[in-house]
Amino acid sequence: MQLKLKGIFNDKKDWEAVRVKLPGYDIESIRKETMDAPEWMHFGAGNIFRGFIAGLADSLIEKGEMKTGIIAADSFDTEIIDRIYEPYDLLTLSVGLKSDGNSIKKVTAGIGAAIKADRDNLNSLKEIACKQSLKMISFTITEKGYACTDISGKILPWVEADITAGPEAPSTAMGIVTAMLLARYTSGGQPIAMVSMDNCSQNGMKLKSGVLFVAEKWQEQGFVDRGFIDYITDETRISFPWTMIDKITPRPDPGVAEELKNLGIEGMDPIITAKNTYIAPFVNAEIPQYLVIEDSFPNGRPPLEDAGVYMTDRDTVNKAEKMKVMTCLNPLHTALAITGCLLGYTKIADEMKDEDLKKLAVKLGEEGMPVVVSPGIIHPEDFIKEVLEERLPNPYLPDTPQRIATDTSQKLSIRFGETIKGYSGKNAVNDMKIIPFVIAAWFRYLMAVDDEGCEMQLSFDPMLETVKKSVETLKLGVANQDVSGVNFILSSEELFGVNILEMGDMADKIKQHLSDMLVGPGAVRKELKKLVNS
């Protein structure tokens with residue numbers, strides 16, 4: 001069996017015999033309508049998009065509530081279009097992993113077209129942007145995809161290149177999207193929703209800030225007029241809804257690929273692109289999924305609520321997002337990622353069998369709970385219970401601490417900084433015990449030496465070379481070292497959202513934990529055990 005249009009049509013009985021659900025609609029008709037009158041475009045064509053967002057479209061098409069698929073675009077790693085999209089006729093084999101070892105397998109066809117979002121295809125992207133039928137452009141480009149400046153406020157070199165090149169030759173996601181909006185503006189200024197679905201706080205604001213940053217620089221250069229800026233900032237014409245997304249979508253697991261091969265499905269081997277993207281024709285993911293969207297769509301929208309999406313107001317989205325990202329999932333993930341790497345773990349589920357690490361996750365959740373406000377649509381206590389008891393311990397979910405440790409510097413502000421600020425308003429910051437330990441463990445992680453004293457590879461982080469400087473003088477096996485090199489990181493509001501260095505005891509706690517973790521091999525485990533059992 002082949003994951004191609006002919007394959008699923010010609011071998012339908014074979015697919016059904018191995019319990020793989022196939023699309024029940026006319027895929028070719030959907031794709032023609034997608035190109036004639038597109039309604040939804042998405043930037044960021046990776047696993048979370050294919051395994052979750054495109055699945056929403058597939059569900060609505062099945063119900064007859066959408067007549068078009070999503071146009072998938074990728075500006076960061078266009079290799080995936082060549083190697084994963086086109087060879088498999090834009091189809092995805094979704095594998096939902098249950099905690100009992102069973103799985104739900106489904107071929108989805110919610111992707112109606114795919115395009116490389118680069119300079120070579122800029123005119124085609126602009127043509128799509130000018131379509132009056134286009135209701136929304138959504139994004140999963142990760143938080144760093146919206147960034148235009150570095151930690152010091154200096155414009156990033158690739159963004160500077162886009163500013164200089166102007167709207168005819170951008171190369172970054174923000175530059176390309178801004179050029180597309182300019183084309184829409186000059187062709188009549190039709191309304192549209194720009195919907196960030198990335199896993200970061202106030203994502204709609206981050207997207208708007210990135211677009212506006214490029215647009216205003218272009219205005220300074222004389223590339224655009226003031227009317228374009230007014231168009232972007234008028235939310236009756238261009239909205240930037242806030243969202244909260246949640247579905248653990250790990251890298252494709254070789255074990256899942258082997259299982260699919262044993263069922264007779266060909267060509268399931270995962271690949272690693274030149275840009276280090278781990279991807280496969282299939283997407284393995286957990287079953288639970290949440291998407292909460294601010295219902296602000298000036299040109300209309302698909303009936304997303306019929307696919308299980310919570311459509312609500314901005315305040316509710318903000319509360320749901322803070323509940324998840326500040327307390328109930330993301331901080332726990334980051335804490336397990338950092339300490340898991342140090343302690344030699346390669347699977348999150350295995351960490352949850354470690355009593356010390358399990359206690360760390362539980363206590364971190366408890367520490368954040370006092371500053372959480374329930375969004376009403378999802379109850380924090382129920383959410384974190386599901387995370388701790390079902391999702392993180394799922395032995396069949398091949399998620400790794402190394403994957404989650406990616407881009408940690410970009411995540412600190414919301415995952416920990418917001419809780420620190422919340423404590424400043426409601427409780428004594430000095431009462432915090434777990435977050436100071438986790439931040440200290442991150443500094444210890446940056447040394448690229450595990451708890452046994454062996455070298456370890458650090459996960460990608462755009463700020464890695466900068467933040468590593470804070471620990472470059474530290475050595476494992478030396479007691480009472482001077483750890484003041486971390487001061488310039490602790491004082492960075494860009495990283496933490498607050499100046500921790502000005503918080504006295506909080507900063508001292510972090511540095512003391514770090515110092516104690518440097519005593520010698522096994523010191524991280526010793527410090528962890530002391531913390532969670534105190």
Side-chain angles (χ1 to χ4, degrees), residues 34 38-57 68-82 84-85 90 92 110-131 134-148 158-159 162 167 170-184 192-200 203-215 232 238-243 245 249 273 275 277 279 283 291 293 297 299 301-302 407 410:
T34 299
E39 296 186 358
W40 186 351
M41 188 175 189
H42 184 90
F43 273 73
N47 292 324
I48 186 67
F49 165 68
R50 295 166 63 233
F52 186 0
I53 298 160
L56 299 177
T68 66
I70 303 174
I71 299 176
D74 204 286
S75 59
F76 172 72
D77 195 346
T78 57
E79 186 181 344
I80 66 177
I81 303 296
D82 291 330
I84 293 298
Y85 277 70
L90 311 186
T92 300
I111 300 168
I115 186 170
K116 297 177 183 179
D118 55 21
R119 288 175 178 172
D120 292 340
N121 291 291
L122 187 59
N123 288 336
S124 296
L125 293 164
K126 289 180 178 180
E127 287 176 13
I128 295 168
C130 292
K131 295 278 189 178
L134 193 64
K135 294 177 169 63
M136 61 187 288
I137 301 177
S138 54
F139 300 80
T140 49
I141 58 175
T142 75
E143 189 163 3
K144 64 179 179 289
Y146 306 104
C148 293
W158 44 91
V159 177
D162 272 10
S171 61
T172 68
M174 290 298 93
I176 289 169
V177 169
T178 307
M180 290 171 65
L181 288 177
L182 178 62
R184 192 171 179 88
I192 192 170
M194 308 294 288
V195 190
S196 171
M197 296 180 179
D198 268 302
N199 183 23
C200 55
N203 46 22
M205 184 174 67
K206 285 181 170 60
L207 171 56
K208 184 175 183 178
S209 296
V211 169
L212 197 56
F213 184 90
V214 174
I232 293 172
I238 299 186
S239 65
F240 294 86
W242 295 12
T243 71
I245 192 168
T249 312
T273 69
K275 290 194 173 180
T277 299
I279 200 162
V283 176
L291 182 56
I293 301 179
F297 290 78
N299 199 32
R301 62 169 176 79
D407 300 337
Q410 308 298 291

Mind checking the [atom1]-[atom2] spacing from [X] to [Y]? Nearest 0.5 Å is all I need.
X	Y	atom1	atom2	value
K208	S239	NZ	OG	9.5 Å
T78	D120	OG1	CG	9.5 Å
T243	M197	OG1	CE	6.5 Å

Measuring only between side-chain heavy atoms, which start at C-beta, is [X] closer than 4.5 Å to [Y]?
X	Y	result
I71	I115	yes
I111	Y85	yes
E39	M136	no
F52	T249	no
E79	T277	no
M205	W242	yes

Using distance alone, with no hydrogens and no angle criterion, decide if Y146 and N203 have a side-chain donor and acceptor under 3.5 Å apart. no
Could you tell me if D198 and T140 have a donor-acceptor pair between their side chains, going purely by distance under 3.5 Å? no
Could you tell me which non-hydrogen atom of [X] sits nearest to which non-hydrogen atom of [Y], and how far apart they are?
X	Y	result
L207	M194	CD2-O, 3.6 Å
R184	I192	NE-CB, 3.7 Å
R50	I84	NH2-CG2, 3.5 Å
D74	A45	OD2-N, 2.8 Å
A114	L90	CB-CD2, 3.8 Å
P167	K126	O-NZ, 3.4 Å

Determine, step by step, whether I232 and F240 satisfy the side chain to side chain contact (heavy atoms under 4.5 Å, CB included) criterion, reporting the C-alpha distance in whole Å, the side-chain angles of both residues, the deciding distance to 0.1 Å, and the verdict. CA-CA 10 Å; I232 293 172; F240 294 86; 4.2 Å; yes
For a quick test of your reading: what N or O donor-acceptor pairs under 3.5 Å do the side chains of residues 172-181 make, sequence neighbours left out?
unit_1	atom_1	unit_2	atom_2	d
T172	OG1	D162	OD2	2.5
T172	OG1	G175	N	3.0
T178	OG1	M174	O	2.6

Test salt bridge (Lys or Arg N to Asp or Glu O under 4.0 Å) applied to D118 - qualifying residues, sequence neighbours left out: none
Verify side chain to side chain contact (heavy atoms under 4.5 Å, CB included) between F213 and V159, making sure each step is shown before the conclusion. CA-CA 10 Å; F213 184 90; V159 177; 4.1 Å; yes
Whether the side chain of [X] engages the backbone of [Y] through a donor-acceptor N/O pair (distance < 3.5 Å, no angle test) should be reported.
X	Y	answer
D407	Q410	no
T34	A113	no
N47	I279	no

Taking it one step at a time, do S138 and W40 satisfy side chain to side chain donor-acceptor pair (under 3.5 Å)? CA-CA 8 Å; S138 54; W40 186 351; 2.7 Å; yes
Salt-bridged, D82 to K116, with N to O below 4.0 Å? yes
Please confirm whether K275 makes a cation-pi placement over F76, using NZ or CZ under 6.0 Å from the six-membered ring centre and within 45° of the ring normal. yes
Side chain to side chain contact (heavy atoms under 4.5 Å, CB included) for N121 and N123? Distances and angles first, verdict last. CA-CA 6 Å; N121 291 291; N123 288 336; over 6 Å; no
Could you please spell out the steps behind the side chain to side chain contact (heavy atoms under 4.5 Å, CB included) verdict for L125 and M41? CA-CA 10 Å; L125 293 164; M41 188 175 189; 3.3 Å; yes
